[in-house]
Protein chains: 2
Amino acid sequence: MRDFTQSLPMALLQAREGAMRLFRPLLAKHDLTEQQWRVLRALSASDDPLDVGSVADATFLLASSLSRILSNLAGRDLINRTPVQNDQRRAAIALTGRGQNLVAQVAPHSEAIYNEIETAFGTAELRELLTQLASLRDSTTRLEPNGY
Amino acid sequence: MRDFTQSLPMALLQAREGAMRLFRPLLAKHDLTEQQWRVLRALSASDDPLDVGSVADATFLLASSLSRILSNLAGRDLINRTPVQNDQRRAAIALTGRGQNLVAQVAPHSEAIYNEIETAFGTAELRELLTQLASLRDSTTRLEPNGY
DNA sequence: TATTGTTATACTCTATAACTATA
DNA sequence: TATAGTTATAGAGTATAACAATA
């Protein structure tokens with residue numbers, strides 16, 4: 001078997017841990033978990049409200065996990081849910097004003113950390129890495145888990 | 001702020017999810033969580049028994065999380081803990097015979113999945129990606145989280 | 001009947017701190 | 001006093017399934 005530390009999942013985990021380690025104190029200061037921040041970011045990145053399924057896809061969260069997270073964020077008045085007119089099953093999720101303010105407050109610090117990483121790692125290297133990661137994602141998307 | 005889907009942590013998460021999605025059914029069949037498998041792999045990769053701190057470092061698990069995981073694995077007779085002679089505080093963790101057998105049983109399937117990924121993504125591309133990930137890890141290791 | 005989303009349940013991991021035993 | 005490891009506690013996410021409401 002391949003060397004443990006050389007395995008792709010471990011390398012991706014280590015790389016992500018190395019980056020997230022720099023972001024966590026910022027999120028903790030605002031009482032946000034990584035997952036909660038992913039939800040806020042996804043909503044912030046979208047011009048229109050998103051239904052729950054779209055948020056789940058964008059954030060890599062299970063619908064059942066996301067449902068709880070949305071309840072938490074709604075309880076803190078950071079997001080709201082409004083039923084969709086055409087399809088009453090769907091809920092349109094959007095940032096509240098408070099949610100937008102929070103994102104706007106955290107974003108510059110997040111960007112500063114990101115810039116530190118980019119400076120340390122290299123702008124061209126970062127762009128290249130993002131390209132390769134997208135390519136890997138596309139490659140694995142086409143594969144199916146085998147039955148064992 | 002940078003585009004959400006273009007952010008490095010998200011890209012690393014997506015890439016890892018894409019890969020792990022292919023491995024999870026295999027681990028599930030053997031009643032192993034990702035974290036438990038990381039521990040078994042780390043022990044398998046080492047010629048000598050490892051103390052708990054070393055396993056924690058190798059697997060990116062907190063000592064307190066690891067302690068429970070080790071209890072679970074010990075209860076299934078997959079690992080054992082033996083006190084270290086020179087330093088009675090330390091425990092030397094090693095795979096049992098059963099643990100070695102389990103790793104030996106899972107490893108070929110894991111390798112097959114890995115080969116599928118390598119074929120889909122490209123051997124040279126994979127090597128290059130691993131190099132870049134190691135470089136990123138080194139870059140972020142030298143950075144410190146800022147206070148906010 | 002199928003789909004969207006929530007709830008139920010059991011489990012696992014995270015995170016911090018307190019604690020024990022040893023050095 | 002400091003260190004290695006475990007235990008306590010609270011919280012959060014995972015995973016599967018069951019469920020209600022709607023299409």
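Below, read A as the first sequence line, B as the second, and so on, with proteins coming before strands; counting in each chain starts at 1. Please read all numbers here as calculations on a predicted model, not as lab measurements.
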To the nearest angstrom, the CD-P distance between A:Gln88 and D:dT22 comes to 7 Å
Please state whether the phosphate of D:dG5, meaning OP1 or OP2, lies under 4.0 angstrom from any side-chain nitrogen or oxygen of B:Ser64. no
Sugar-phosphate, base or nothing in reach of B:Asn86, heavy atoms under 4.0 Å: sugar-phosphate
CG of A:Leu62 versus P of C:dT6: gap in Å, rounded? 14 Å
From CD1 of A:Ile93 across to C1' of C:dT6 the rounded distance in Å is 12 Å
Over how many whole Å does the gap from A:Gln36 atom CD to C:dT14 atom P extend? 17 Å
Do B:Leu126 and B:Ile117 make a side-chain contact, defined as non-hydrogen atoms from C-beta onward lying under 4.5 Å apart? no
Report yes if a side-chain nitrogen or oxygen of A:Arg90 is closer than 4.0 Å to either non-bridging phosphate oxygen (OP1 or OP2) of C:dT4; otherwise report no. yes
Under-4.0 Å salt bridge between B:Arg24 and B:Glu34: yes
Nearest-Å distance for atom pair CG/P, residues A:Asp51 and D:dA21: 20 Å
Rounded distance in Å - CG (B:Leu50) to P (D:dG5): 11 Å
If every non-hydrogen atom of B:Ala15 is compared with every non-hydrogen atom of A:Leu136, which pair is closest and at what distance? CB-CD2, 4.0 Å
Under a 4.0 Å heavy-atom cutoff, the residues of residues 66-82 of chain A touching DNA chain D are A:Ile69
Once you round it to whole Å, what is the distance between P of C:dT14 and CE of A:Met20? 14 Å
Looking only at side-chain N and O atoms, does A:Arg76 offer a donor or acceptor that is under 3.5 Å from a partner on A:Asn72? yes
In whole angstrom, what separates B:Asp87's CG from D:dA4's P? 8 Å
When you get a sec, tell me which of C:dC13, D:dT14, C:dT4 is the closest nucleotide to the side chain of B:Ser65? C:dC13
For atom CZ of A:Arg127, is the number of surrounding heavy atoms from other residues, nucleotides or ligands below 6.0 Å larger than 12? no
Heavy-atom closest pair (A:Leu143 atom, B:Arg21 atom, distance to 0.1 Å) is O-NH2, 2.9 Å
Residue whose nearest DNA chain D nucleotide is more 5′ - A:Thr33 or A:Val84: A:Thr33
Any A:Leu27 side-chain heavy atom under 4.5 Å of A:Thr33 side chain: no
